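Working notes for the structure below.
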Amino acid sequence: MIEIWPAIDLIDSTSVRLTEGKYDSKESMARTAEEAIAFYSKFDQVSRIHVIDLIGAKKQQPTEADYIEQLVNLTHLPIEVGGGIRSIDTIQSYFDKGIEYIIVGTKGIQDLNWLKQITNQFPNKIYLSVDAYVEEIKLNGWIEDAGMNLFDFIKRIEHLPIGGIIYTDISKDGKLSGPNFELTGKLVQSTSIPIIASGGIRNKDDIDQLNQLNVHAAIVGKAANTDEFWEGIS
């Protein structure tokens with residue numbers, strides 16, 4: 001059964017959402033990060049909480065580590081963290097703060113030797129976030145083109161002990177218009193690495209459809225912050 005990982009995106013220790021990854025589209029969520037942690041922790045369907053340091057992603061270095069450590073102490077659920085993580089020291093520091101899983105993006109995509117090193121050092125604890133506008137991979141908080149095709153890249157990392165690949169179709173993200181089912185399904189079929197869907201997930205129907213595609217987990221942002229979403233899931 002597909003797992004549900006609610007998302008908390010942080011800017012200046014405030015829970016926000018972006019549309020299509022554009023920082024000028026920032027809107028504050030109705031619940032603070034602390035309130036969201038408490039809210040998500042109530043649901044049996046939630047197996048972990050997904051936290052992203054958005055300014056860290058943009059600045060290429062974490063900016064919310066101390067605040068995230070406070071969030072860890074508010075829940076029994078494991079937390080995974082991403083945003084600007086570019087070194088083994090940073091990864092180890094997060095683990096020392098009680099973070100269970102680490103998300104890397106740009107550096108892991110650009111430096112496959114580093115990705116091999118960290119996944120071997122921390123097997124199945126590292127998740128690779130691959131953000132794409134449809135099939136074209138984006139970097140550095142979605143603001144730069146990688147010049148790489150999504151499927152070509154996945155073939156190059158198939159052999160690594162990665163916990164999973166978090167695939168976000170930026171064209172869907174923050175719009176509550178549904179995920180890219182076709183492309184997500186193709187990804188699942190193209191690799192043995194667990195695929196986690198992210199971007200645009202609205203309701204139980206979307207979750208059920210992703211489950212039928214054998215997607216490992218669904219990261220849900222805006223919708224998860226509403227009571228209606230959980231009424232449909234329960």
Side-chain angles (χ1 to χ4, degrees), residues 5 7-16 18 20-23 26 33 48-72 78-133 136-150 152-154 156-168 170 173 193-196 198-199 219 221:
W5 302 350
I8 299 174
D9 292 349
L10 297 174
I11 290 180
D12 298 329
S13 301
T14 300
S15 178
V16 303
L18 307 182
E20 290 191 358
K22 296 173 181 174
Y23 283 72
K26 177 185 73 172
R48 75 176 70 167
I49 296 175
H50 173 89
V51 177
I52 297 297
D53 175 357
L54 287 174
I55 298 300
K58 194 172 184 179
K59 290 188 173 180
Q60 304 180 25
Q61 61 181 15
T63 63
E64 299 277 6
D66 291 339
Y67 180 62
I68 291 169
E69 184 177 14
Q70 297 174 35
L71 298 181
V72 171
I79 289 181
E80 65 178 12
V81 171
I85 298 173
R86 305 294 179 99
S87 72
I88 290 176
D89 285 347
T90 300
I91 292 170
Q92 188 61 62
S93 173
Y94 269 127
F95 285 143
D96 291 343
K97 292 178 186 298
I99 299 302
E100 291 281 342
Y101 303 100
I102 293 294
I103 305 158
V104 298
T106 296
K107 184 170 173 64
I109 292 167
Q110 292 182 317
D111 188 345
L112 293 188
N113 287 330
W114 183 74
L115 184 64
K116 178 180 179 181
Q117 181 183 5
I118 61 172
T119 53
N120 282 313
Q121 186 167 340
F122 308 105
N124 301 312
K125 289 285 191 178
I126 305 295
Y127 284 71
L128 183 64
S129 179
V130 182
D131 302 331
Y133 202 93
E136 294 304 309
I137 294 176
K138 299 284 187 175
L139 303 174
N140 291 321
W142 305 350
I143 57 179
E144 296 177 19
D145 291 321
M148 284 186 237
N149 175 272
L150 177 63
D152 293 341
F153 175 74
I154 297 300
R156 298 175 64 192
I157 62 171
E158 175 74 30
H159 61 291
L160 298 178
I162 295 172
I165 294 168
I166 298 170
Y167 166 59
T168 303
I170 299 166
D173 190 67
I193 300 171
I195 298 296
I196 295 92
S198 174
I219 294 172

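Position 1 is the first residue of the sequence, and the numbers go up from there. Everything quoted here is computed from the prediction, not taken from an experiment.
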Between [atom1] on residue [X] and [atom2] on residue [Y], distance to nearest 0.5 Å:
X    : Y    : atom1 : atom2 : value
I99  : K125 : CD1   : NZ    : 11.0 Å
I109 : I137 : CD1   : CD1   : 5.0 Å
I118 : L160 : CD1   : CG    : 9.5 Å
I126 : Q117 : CD1   : CD    : 11.0 Å
I162 : I157 : CD1   : CD1   : 4.0 Å
I8   : I68  : CD1   : CD1   : 9.5 Å

Results of side-chain hydrogen bond (donor to acceptor under 3.5 Å, both in side chains) for E64 - residues two or more places apart only: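 Result, side-chain hydrogen bond (donor to acceptor under 3.5 Å, both in side chains) vs E64: S13.
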
Could you work out, with side-chain hydrogen bond (donor to acceptor under 3.5 Å, both in side chains) as the rule, every residue matching S87, not counting sequence neighbours?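 Per chain and number, S87 pairs via side-chain hydrogen bond (donor to acceptor under 3.5 Å, both in side chains) with T90.
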
Might you work through the side chain to side chain contact (heavy atoms under 4.5 Å, CB included) test for E80 and I219, ending with a clear yes or no? CA-CA 11 Å; E80 65 178 12; I219 294 172; 4.1 Å; yes

Is there a donor-acceptor contact under 3.5 Å from the side chain of N120 to the main chain of K116?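 It does hold such a pair.
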
Would you call L139 and D145 a side-chain contact if the rule is heavy atoms closer than 4.5 Å?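 With C-beta onward as the side chain, the pair stays apart.
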
Indicate yes or no: at least one non-hydrogen side-chain atom of I85 is less than 4.5 angstrom from one of K107.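 Side-chain contact under 4.5 Å: no.
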
Only one of L10, D12, D53 clears side chain to side chain contact (heavy atoms under 4.5 Å, CB included) with T63; which?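 Among L10, D12, D53, the one that satisfies the side chain to side chain contact (heavy atoms under 4.5 Å, CB included) with T63 is D53.
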
Can you find a side-chain donor-acceptor pair between D96 and Q92 that sits under 3.5 Å?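 Judged by distance alone, the side chains do pair up.
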
How close do [X] and [Y] get, heavy atom to heavy atom, and via which atoms?
X    : Y    : answer
F95  : E100 : CE2-O, 3.5 Å
P62  : G84  : CD-O, 3.3 Å
S15  : A33  : CB-N, 3.8 Å
P194 : G163 : CG-O, 3.5 Å
L54  : V16  : CD1-CG2, 3.7 Å
Y127 : N124 : CE1-O, 4.0 Å

Working for side chain to side chain contact (heavy atoms under 4.5 Å, CB included), residues F122 and I91: CA-CA 9 Å; F122 308 105; I91 292 170; 3.7 Å; yes

Stepwise side chain to side chain contact (heavy atoms under 4.5 Å, CB included) check, I165 with F153: CA-CA 11 Å; I165 294 168; F153 175 74; over 6 Å; no

Apply the test side chain to side chain contact (heavy atoms under 4.5 Å, CB included) to residues H50 and I196: give CA-CA distance (whole Å), side-chain angles for both, the deciding distance (0.1 Å), then the verdict. CA-CA 11 Å; H50 173 89; I196 295 92; over 6 Å; no

